[in-house]
Participant: 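Take this structure first; my questions come after.
Just follow the structure's listing: the first ligand is 1, and inside any ligand the first atom is 1.
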Amino acid sequence: MNLSDSERVISVLNEAGYIYTDNEDEAGLIGILVCSVRQKAIDKVYSRIHKWNKWKNSKNLITFISGCILPDDHEKFLKLFDITFQMKDLSKLPEMISNYGITTSVHLKTGIDPYNENIEQFWELKPSYQSEFEAFIPIQNGCDKFCSFCAVPYTRGREVSRPSKDILDEIALLVSQGFKTITLLGQNVNSYGLDKKGEEITFPELLGQIGEMGNRLKKELWVYFTSPHPRDMTDEVIDIMAQYPVLAKQIHLPVQSGDDNVLTRMNRKHNMEKYRHIVQYIRKIIPQATLFTDIIVGFTGETEEQFENTRRAMEEFKFNMSYTAMYSPRPGATSHRWDDDIPHDEKKRRLHILTEELRKHNILYNKQMVGKTVRVLVRGADRKEDFLSALTEGKLIVRFPSENKNLIGQFVDIKIVSASDFSLEGEFGKETESVKF
Ligand code: SF4
C-alpha cells in the first residue's frame, strides 16, 4: 500500500516541479510514508529524522511524513517533521510545502472518520508507476474488522471502496501500456463494495469483470489481490479465479493463528473451520494455486497448546510462504492494554519452529518441480552474480543464469533444474513474446 501511495506522491511532486532522486544526500525535500504495523519501522523513522534534522545545520531541507501513523507517534512527528499530512490530502502537499511549517491535523477520536473524507480525490491522482511491468492499484482503503492486535482501523479509517469504473479503466490503461502484473490492493480486498451495497459491484463481480477484460484484450497478464480476509472469502471468489486465466493462481490468506480461542481474542471473526473450508475449496477447484499466509506467534496469553495448534495448521495447510511475526503490542490497538506475557526468547523459539515447518514443506513442494518447465516473469538481476531473478505465477522465486537484461519485464519459460527451501534454479529455454490466451 505504501509503495502504491508513493507512486501518487511522486506524481504530485513532479507536477509541482520536483525531480525524484534515490540519493537522499542530494535531496532538498525528503518524505517518509510510514507503516505502523511493526515498531521496528517506526524506530527507523526516528533515526532517519534525527539524521536529517542535523543536516539542516548545513543545507536547506524540508521533511514530510504521511502514511499509517499512530496518535502517539503523530504528536512526536509534529515536532520532528516540517510537514505531516494524511494521504487523502496529498493533492495539497505542494501548497503545504510552499507554506511549509503548516501541518494538517489528525482528528483522532472525534467520532467522525476524517481519513476518507477526500479519498476519492486521492484515487484520482495519477500515479508515477515505479516499474514498467508491475503495478499496484488501490481498490479500497481502511478496515472495519478491528482485529485486537492491529491499529490500521485507527490509522486508515473505515472501509471505503474505490469506484469500480476507475479501477477497470486503470487496469485497461496499464494493459495497453504493456504491464505484465497488476496487484489489487486493500486492507480487506474481498469486502470490496460492501460499504456501498446496491450502488457498487462486489469483489467477485469486480474479479469477473477483470477476467472478462483479460479475455477480450488477449494479453498475457497476471492479476493478483492482497489481502483478502477469511471472513469474506466466499466460494464464488475461488470459482471466478478458476474461471479466468488472467486471475493469477496465488492466494494470500492470513490465518494469524491456528487456534480458535486465540482467533477469538484476536477478534479475527473467522475460526479454523471456516479457514479449513476455504483451503479445501481452493485445493479442489484450483489445485495448482499457491497459498501464502500471515501468522503471529506469542500473541498475548498464547499457551503452548495454542501455539501447537498453529504449528499443526501449518502442517495441515502446507503454505508456500508464511510471513510470520513475533507479537509486539501496537499502541492504539486493543491488545496493547493486555499483558504482553510471552517472553521474547519464547516468541523466537515459536517463530523458529514455524519457519522450520515451512521449510520442510517447501523443500518437498519445490523438489517436485525439478524437471518441469514453468512460466515466469523476469523481475531483475539476482543476488547471485550473472543470474536473473523471476517469479512464477504462484510467486515462487526462480533464478536462472543469464546476462540478458532485455529479459527483465518479460514472460519466459524456464526449466527447473534444482530446488531449495525458498527458491528454485532453472535454465532459460526460449524467450517468448507476450503470449495470447
Ligand atoms: S483485517 Fe485486521 S489485521 Fe487486517 S487491517 Fe483490518 S484490523 Fe488490521
Participant: Is there an N/O/S atom in Cys147 at a distance below 2.8 Å from atom 2 (Fe) of ligand 1?
Facilitator: yes
Participant: Under a 4.0 Å threshold between the charged nitrogen and the carboxylate oxygen, would Glu356 count as salt-bridged to Lys360?
Facilitator: no
Participant: Between Arg311 and Glu316, is there a salt bridge with N-O shorter than 4.0 Å?
Facilitator: no
Participant: Under 2.8 Å from atom 6 (Fe) of ligand 1 - does any N, O or S atom of His229 fall there?
Facilitator: no
Participant: Using a 4.5 Å cut-off on heavy atoms from C-beta on, say whether the side chain of Tyr224 contacts that of Lys395.
Facilitator: yes
Participant: Relative to atom 4 (Fe) of ligand 1, which among Arg330, Lys269, Gln187 owns the nearest non-hydrogen atom?
Facilitator: Gln187
Participant: Among all the protein's non-hydrogen atoms, which is closest to atom 8 (Fe) of ligand 1, and how far away is it?
Facilitator: Cys150 SG, 2.3 Å
Participant: Between Arg349 and Glu304, is the closest basic N to carboxylate O distance under 4.0 Å?
Facilitator: yes
Participant: Enumerate the atoms of ligand 1 whose separation from the nearest heavy atom of Asn188 is less than 4.0 angstrom.
Facilitator: 1 (S), 6 (Fe)
Participant: Please check if atom CZ in Arg283 has more than 12 non-hydrogen atoms from other residues, nucleotides or ligands closer than 6.0 Å.
Facilitator: yes
Participant: Which residues pass the salt bridge (charged side-chain N to carboxylate O under 4.0 Å, His left out) test with Asp169, not counting sequence neighbours?
Facilitator: Lys165
Participant: For Asp232, run the salt bridge (Lys or Arg N to Asp or Glu O under 4.0 Å) check against Lys274, Lys269, Lys145 and tell me which one passes.
Facilitator: Lys145
Participant: As an exercise, identify every atom of ligand 1 less than 4.0 angstrom from a heavy atom of Pro153.
Facilitator: 7 (S)
Participant: Side chain, backbone, both or neither: which part of Pro254 comes within less than 4.0 Å of ligand 1 when only heavy atoms are counted?
Facilitator: neither
Participant: Please confirm whether Arg268 comes under 4.0 Å of ligand 1, counting heavy atoms of the residue only.
Facilitator: yes
Participant: What protein heavy atom sits nearest atom 6 (Fe) of ligand 1, and how far off is it?
Facilitator: Cys143 SG, 2.2 Å
Participant: Out of Thr334, Asp294, Val152, indicate the one that has the non-hydrogen atom closest to atom 5 (S) of ligand 1.
Facilitator: Val152
